A.B. asks: 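My questions will all concern the structure given below.
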Amino acid sequence: MTSKTSTLPAVRPARPAGSRLTNVRSLAFILGALAIFAVGVFLTRAVENPFFFFASYIIIQYVALATGWNVLGGYAGYINFGAAAFYGVGAYTGALLLKAFDAPVLLCLPVAAAVGGVLGLLMGYMTLRVQGVYFAIATIALVVMAHTLVLNTDYLGGASGLALMPPEAPAWAGGQVQFLFLVMLGTAIFAVAVARWIEVSWVGRGFRALRASEEAAECAGVPTFRLKLAACAISGAILSMTGAPLVFYASFIEPETVFGLALALNAIAMPLIGGKKSWPGPVIGAILLGTVQQGATITISSELNILLVGVVLIAVVAVAPDGILGLLDRFKKGNRA
Amino acid sequence: MFADQFINAIGTGVMLGSIYAALALGLAVTFGLLHIPNIAHPAFVIAGAYVVAMGNSYGLDPLLVALLALAPFYVAGLGFYEFYARVFERRGSADTMNALTLFFGVSLVLETLLLMRFGTNQQSVSVGYVGQSLTIGLLSLPYRLLVPALLAPVMVAALWLYLRHTHTGIAVRAVAHDERALSVSGIDPRWIKRHAFGIAAATAVVAGAALIIIGPVDPFGGRLQIGRAFAVVVLAGMGSIPGTIAAGILIGVSEALVSAFASPSWAPAVAFSILLATLALRPQGLFGARR
Amino acid sequence: MSDPILHVAGVEKTFGTLRALGPVTVSLKAGERLGVIGPNGSGKTTLINCLSGTLIPSAGDVWFMGQKVTKLAPHRRARMGLARSFQIPKPFTGMTVLENLLVPMDHLHDVPDPHGRAMEVLASVGLASRAAYEAGGLTQLELRKLELARALAGRPKVLIADEAMAGLSEREIDDVLEILERLNESGVAVIMIEHIMHAVMRFSHRIICLETGKLIADGTPDAVANDPIVQKVYFGEQTRH
């Protein structure tokens, strides 16, 4: 430990918040985000095959999901097994609004975000006094309770699910699936932007302090409970928002899928594989794993698919606890030393 | 009519609860005593149930199969702990996130392997007493619940006596309190933990037998049990072995009453509600010391 | 000095039936150096947890700068100027040393130049060259210094140093003592909880000794060191080792 420090290469020099470099980077990020959305719009014009948009929707949805999960799980260090609860509640919020008011998807997004945020706050309050494993278990509870609630609500279709006809997509989008592809792309970009803002601001610093030591953070003047609630609420809002367009995309939702294992699993696995510490981690993880899974559902069975994720998870924990980005980091340092 | 329903709900609940205690017992050891959050334990239980079903297909009694499988499961537990320790202890400490992820991954792999080997069909056992009931007045106790329900107190008592009165048992409890103190006394804490993990895994096959005598089991049946198992351990109070019976019965009775008087479809939420309430109101559990 | 800056009035803490502390009454004047000694389990940690707010006393009150803070959350006390370091260093890993110091300042209103302040504090404890390092990779001595630096970043009025020197070599102890002395000269009152007797004797203006949760001595280092009761429960036990 002691001898290691002397050879530790200095990481990039710390720079003042609000400095010119930070501003330049933020500008670059915003331009990049706009460019990606523009590419998305271009694709809806250029690509004929609707399957491309069906598959891309799922992958981009995972980007948003992984990013939302990472706000609480990666930045603040609270492991959430209940991503599916938030996602499912968001999806059913969208379905409810569509069924009851014929609401357009763009209205469902903010409403679902609000519902998810409140659910996140509730979860934070309930687990006020617990950390670590207890928190993680409490989040599993959330999935089962939300699932049970939907099963017992006839208006939401119970166990057999709900088939709804989404309203016609706006003409400029070039079709329903193209439109939803763009909606999800916008949602994911928004999610990543929020995550990045947290990361470079004092909020993220507070989250990281929370992750390192809640006691030390509290004694250093950090309002830990309020920050924990904020992390739960922001993460919950993003996860729920991600679920909201589902019924518009699939015309059908059922509790088994939206509260299912695959979602919760992917939401955890993707940031872990990519790297939990910064926003590119979940994005990389989601694109990698999402693409592999989309390919795999065609070529191999879904059981093999889950087995694959399980093995990858174990391997990541054993070999690369900081994910792909962590590996790259280590590699870079190794080269410099 | 009401009294009849009520009494039978209580009877069913007590039996179910006792079985939940059996299910949670391994977790009470790994999580309660060793503080290792083995969320793969319910998957071990399901694997145990499959082993029992396989043995039963050769005409062996489920309980006999469980007894025979104790040793192999113990050894598997040793190996599993060794794997866990190699992954983490080399790195210094196991952070919760990585430990949970590892166990999550292990349970996925285990479940999927079962699924690929045996298919999605449910497995079951055939025993003579299934289908019959013991009737006492208004109370009717089906043997398929009563037999497994009797396993739990036996197993809990055996484990409790072991932890209280044998040298290694006391060492297991000591490692829960203070690992360093133990290594000073000349016992390798890693050996003790591995041993405890082995015991926990061995309880899984008995719990698996209990589970499959009640009714058919499918590969993903463990998932529902994760919540119940943790609810039992947390409600009992971390590390309280006898407390698991009381906590299990409390949850079992609550579930049975909800099933009888509301709807069975609400029952899965019961254990979790109790778990959440415990975490919010009394995190040290019913019998646990204040942390 | 007139009013005490920190006043502990009849504070008790019980866990179930176990009385871990008190009742204890003790005051700290602005700019004072107070040493807290006592054998393991004597209630020192419980006392400072009641001061910093991680524990709420079962009875009695804690006053800080004329305000009753008995039930105030730790982060509110920290912002008022009551800082503490931890016996086992708890660095904010996953960020740089500099960022560790920015964390407390993020939650204060009147810090015009947090970066300048952070660098200044780091320089004062001799960690300036480590500013851009990941906090988790520091040596034991550096971690101790980081604990102190983080506590100092927000310009506290009182610093509680919980065994800041445990496990350090003689030279390193001198290093830390010098930092604390310099800090005290700048006007910060220091409460030093310490097992290393010569360090606490050298540093403190005044020493209190706890034994099974009770205050058994309060006076100058010499007076406390020569107190027959203290010698019996504390030094007696030490020489037995």
Side-chain angles (χ1 to χ4, degrees), chain A residues 1-19 21-22 74-77 128 198-228 275-278 281 321-322 325-326 329-330 333 337, chain C residues 48-49 51-54 73-86 88-108 113-116 118-119 129-143 147 150-151 153-154 156 160 162:
Chain A
M1 198 66 185
T2 321
S3 61
K4 205 182 86 190
T5 324
S6 50
T7 58
L8 212 133
V11 291
R12 67 185 145 79
R15 60 208 141 69
S19 74
L21 190 57
T22 315
Y75 299 165
L128 160 74
I198 289 172
E199 212 174 296
V200 298
S201 72
W202 62 272
V203 179
R205 195 148 50 216
F207 286 176
R208 290 194 287 277
L210 212 64
R211 181 182 65 197
S213 166
E214 212 155 320
E215 192 186 3
E218 178 72 29
C219 287
V222 180
T224 51
F225 180 50
R226 225 176 305 158
L227 273 182
K228 175 183 169 185
K276 309 188 287 290
K277 288 188 175 151
S278 55
D322 288 325
L325 288 183
D329 236 28
R330 232 194 289 168
K333 279 183 188 168
Chain C
I48 57 171
N49 283 341
L51 292 180
S52 66
T54 40
H75 71 268
R76 300 277 301 280
R77 301 184 201 200
R79 289 187 208 171
M80 286 170 69
L82 183 62
R84 73 170 286 184
S85 71
F86 288 91
I88 298 160
K90 296 177 191 282
F92 296 145
T93 50
M95 55 177 117
T96 63
V97 169
L98 182 90
E99 280 184 294
N100 264 259
L101 270 65
L102 292 179
V103 169
M105 288 188 276
D106 281 337
H107 301 274
L108 291 172
D113 173 21
H115 276 259
M119 285 311 293
S129 64
R130 292 281 184 262
Y133 280 53
E134 212 279 319
L138 298 182
T139 64
Q140 195 57 30
L141 175 64
E142 287 170 336
L143 284 175
E147 277 292 311
R150 194 174 63 199
I160 303 169
D162 187 3

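Letters go in sequence order (proteins before strands), and every chain restarts at 1. Owing to the predicted nature of the structure, the values given are computational and were not obtained by experimental measurement.
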A.B. asks: Can you tell me how far apart CD (A:Glu215) and CG (C:Asn49) are? Round to the nearest 0.5 Å.
C.D. replies: 6.5 Å

A.B. asks: Select, from C:Leu82, C:Leu102, C:Asn100, the one with the greatest count of heavy-atom pairs under 4.5 Å involving chain A.
C.D. replies: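 Looking at each option in turn, the highest pair count goes to C:Leu102.
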
A.B. asks: Does the side chain of C:Arg79 reach to within under 4.5 Å of the side chain of A:Pro223, using non-hydrogen atoms?
C.D. replies: yes

A.B. asks: Determine whether C:Phe86 and A:Cys219 satisfy the following criterion, side chain to side chain contact (heavy atoms under 4.5 Å, CB included), listing intermediate values before the conclusion.
C.D. replies: CA-CA 10 Å; C:Phe86 288 91; A:Cys219 287; 3.9 Å; yes

A.B. asks: Go through the atoms of C:Ala151 and report whether side chain, backbone, both or neither lie under 4.5 Å from a heavy atom of chain A.
C.D. replies: neither

A.B. asks: Quick one: pull up CG in A:Leu227 and NE2 in C:His107 and give me the separation to the nearest 0.5 Å.
C.D. replies: 5.5 Å

A.B. asks: Holding to side-chain contact (heavy atoms from CB on, under 4.5 Å), I want the full list of residues that pass it with A:Ala209, two or more places apart in sequence or in another chain.
C.D. replies: A:Ala217, C:Phe92, C:Met95, C:Val103

A.B. asks: When rounded to the nearest 0.5 angstrom, what distance separates NE2 in C:His75 from CZ in A:Arg226?
C.D. replies: 5.0 Å

A.B. asks: More than 12 heavy atoms of other residues, nucleotides or ligands under 6.0 Å from NZ of C:Lys90: is that the case?
C.D. replies: yes

A.B. asks: According to side-chain contact (heavy atoms from CB on, under 4.5 Å), who are the partners of C:Asp162, at least two apart in sequence or on a separate chain?
C.D. replies: C:Ile48, C:Arg84, C:Gln87, C:Ile193

A.B. asks: List the atom of A:Arg208, the atom of C:Gly94, and the distance in Å for their closest heavy-atom pair.
C.D. replies: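 Of all heavy-atom pairs spanning A:Arg208 and C:Gly94, the closest is CD-O, 3.8 Å.
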
A.B. asks: For C:Pro156, is it the side chain, the backbone, both or neither that has a heavy atom under 4.5 Å from a heavy atom of chain A?
C.D. replies: neither

A.B. asks: Side chain, backbone, both or neither: which part of C:Thr54 has an atom under 4.5 Å from a heavy atom of chain A?
C.D. replies: side chain

